[in-house]
Amino acid sequence: MNDSPLIDISDVTHAYKTEAGPLPVLRDLTIRAAEGTFTAVVGPSGCGKSTLTRLVAGLMIPDEGEVRLHGELVKSPRKTVGMAFQNPVLLEWRTIMDNVLLPLEIVGTKLNRAEQRDRAMELLTLVGLDGFEDKRPSELSGGMRQRASLCRSIVHRPEVLILDEPFGALDNFTREDLWQTMHDLRKAETFTCVLITHDLRESLFLGDQVVVLSGRPATVQYVMDVTLGPDRVLDDLYTPESAENLHILRDQIKIAQGRDVA
Amino acid sequence: MTAIRKAGIPLLAILIFALFWEWLVWFNAWPNYKMASPSDLGPAFWKFRWLFLEYGWDTLWRTVVGLLLAILVGIGIGVIMGFSRTMREALYPLLVGFNAIPKATVVPVIALLFVGQHDFNTVLMAFMISFFPIAVSVSIGLSTLEPEYRDILRALGASRWQIFTKIALPKTLPEFFGALKVSVTLAFIGTNLMEIVEPHGRGLGHLFDSGKISADYPLMFAVLIALAVLGIALYYIVVMLEQTFAGWAERAET
């Protein structure tokens, strides 16, 4: 294979057209992520983080610059991408099993019906939802819905997984449980992940690199390489080194917000 | 026990209502050319039993056909308005204005326009009065689809048709059935408006009019009861369809 990064966002500039004229959201943004890595993107509210996910997913084309996956220019949505949002957007009329199977109905698969179910069951078991496959989303708690949403986002074995604040609406304990689930999924599956988050601890606990975006129009302001290994546990967040890193990230966010660093 | 309870409570309520009605007529000593009592209804039904069957069928099929048309056209307009903002802005005032016209005033217009075409006129009126709630609910259901739902499928390269059939359509079903319950009642009103007004017509509305002309109050009340029974039957058919196709939207009892 080649050495090019799996996700290659180079010099992307983008503006939304509004009635008051163009509203620049991204400026000369460059992010690269190697295959199998986990990139956490943090930044002030409204800085254009979600725009970034839509560009990577091929739902939008940037005004300038380019987004490449595996060296191929992204011009439209591709079947090798999976997405999950803060809102789990499960289809209420389907069972959990049928929700997880949804992407396979769209992208097409060589698996027969039984194999598809096996694949979904494998993921549901991994995230602790075995026994809930025949329930409807309304019968599940918020954390469980988000687990099901994660299963759906990777059931078709996407190369790229885009997570747009998927744990943002959960309570703290549930969120920490899901961080662990995310690590379990990474060990079992192969994907390159971009996570958008507001939570600095989350970015440090899940990311291999943490990218801090500046305020709008967003550009990369700071990149931190995370030294924690793949077998990290929650306690690793409470070491002096992690405390120092969190401090650095917090200062970077303040700079991004245009506030003075104390 | 629960089955007895489920059927028993409404039946008991109907019985109490009938008894109260009977008592009211007896207490006021109303003659039955002023107000019929429930005990007058049986003989009225029996006397005109064949007409009730024949005309009841007329009213029923006209209402159902009008309603089916309303569903087809209502969904069509709803889909167009739900997906195109321009069409929504263009059609909405027209629809609201059309709906605002009291349909009783349209009846003579149509009766003159297509004179003698009883079936066609009646179906047309049932359709015209009942498609509006369906069109509005479908368009609102489609236009308020959260963008994330669309993105989940679009990011996988789904076509517009796939997004429509897999997400937009099923997600709109609860709103659709809510509107259909309103429309089913409206369609009955439309059918009867036309049947009552049109001379030499058929249907329960016509039977009601005959009762009025011959001052046969028991017959008029019997027609009202027959209409109510048909209305209840159609309404609960819609409820059954709703439970089959959109039962997921009902919250589990807690």
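The chains referred to below are lettered A, B, ... by the order of the sequence lines, with proteins before strands, and numbering in each begins at 1.
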For B:Asp151 and A:Phe85 the tightest heavy-atom approach is CB-CZ, 3.8 Å
Checked B:Pro174, B:Pro170, B:Ala246 vs chain A; the most non-hydrogen pairs under 4.5 Å come from B:Pro170
Using a 6.0 Å cut-off, check whether atom CZ of A:Arg32 has over 12 heavy atoms from anything other than its own residue.
yes
For A:Lys79, does the NZ atom sit with more than 12 other heavy atoms under 6.0 Å from it, leaving out its own atoms? yes
In short, A:Pro77 meets B:Arg154 closest at the heavy-atom pair CB-O, 3.0 Å
Okay, A:Arg78 and chain B: the region with an atom under 4.5 Å from a heavy atom over there is backbone
Here the gap from B:Leu153 atom CG to A:Met83 atom CE, rounded to the nearest 0.5 Å, amounts to 12.0 Å
If one checks every heavy atom of A:Ile162 against chain B at 4.5 Å, the contacting part turns out to be neither
dist B:Trp248:CH2 -> A:Leu91:CG (nearest 0.5 Å) comes out at 9.0 Å
Notebook entry, point to check: Is the CZ atom of B:Phe245 crowded by more than 12 outside heavy atoms at less than 6.0 Å?
Noted result: no
message = Between B:Leu156 and A:Val81, is the side chain to side chain contact (heavy atoms under 4.5 Å, CB included) condition met? List the steps.
response = CA-CA 7 Å; B:Leu156 296 165; A:Val81 170; over 6 Å; no
Checklist entry - Does the side chain to side chain contact (heavy atoms under 4.5 Å, CB included) test come out yes or no for B:Lys166 and A:Ile106, once each step is laid out? => result CA-CA 10 Å; B:Lys166 288 203 186 291; A:Ile106 305 294; 3.9 Å; yes
Here the gap from A:Leu102 atom CG to B:Ile152 atom CD1, rounded to the nearest 0.5 Å, amounts to 8.0 Å
Bottom line for A:Gln86: the part with an atom under 4.5 Å from chain B's heavy atoms is neither
Check your understanding: So does A:Tyr16 have more than 12 non-hydrogen atoms from other groups sitting under 6.0 Å from OH?
Key -> yes
Exercise. Go through the steps to decide whether A:Val89 and B:Glu148 satisfy the test side chain to side chain contact (heavy atoms under 4.5 Å, CB included), and finish with yes or no.
Key: CA-CA 7 Å; A:Val89 287; B:Glu148 287 107 329; 3.5 Å; yes
Of all heavy-atom pairs linking B:Ile167 and A:Trp93, the shortest is O-CH2, 3.5 Å
Applying a strict 4.5 Å limit to non-hydrogen atoms, the region of B:Leu173 in contact with chain A is neither
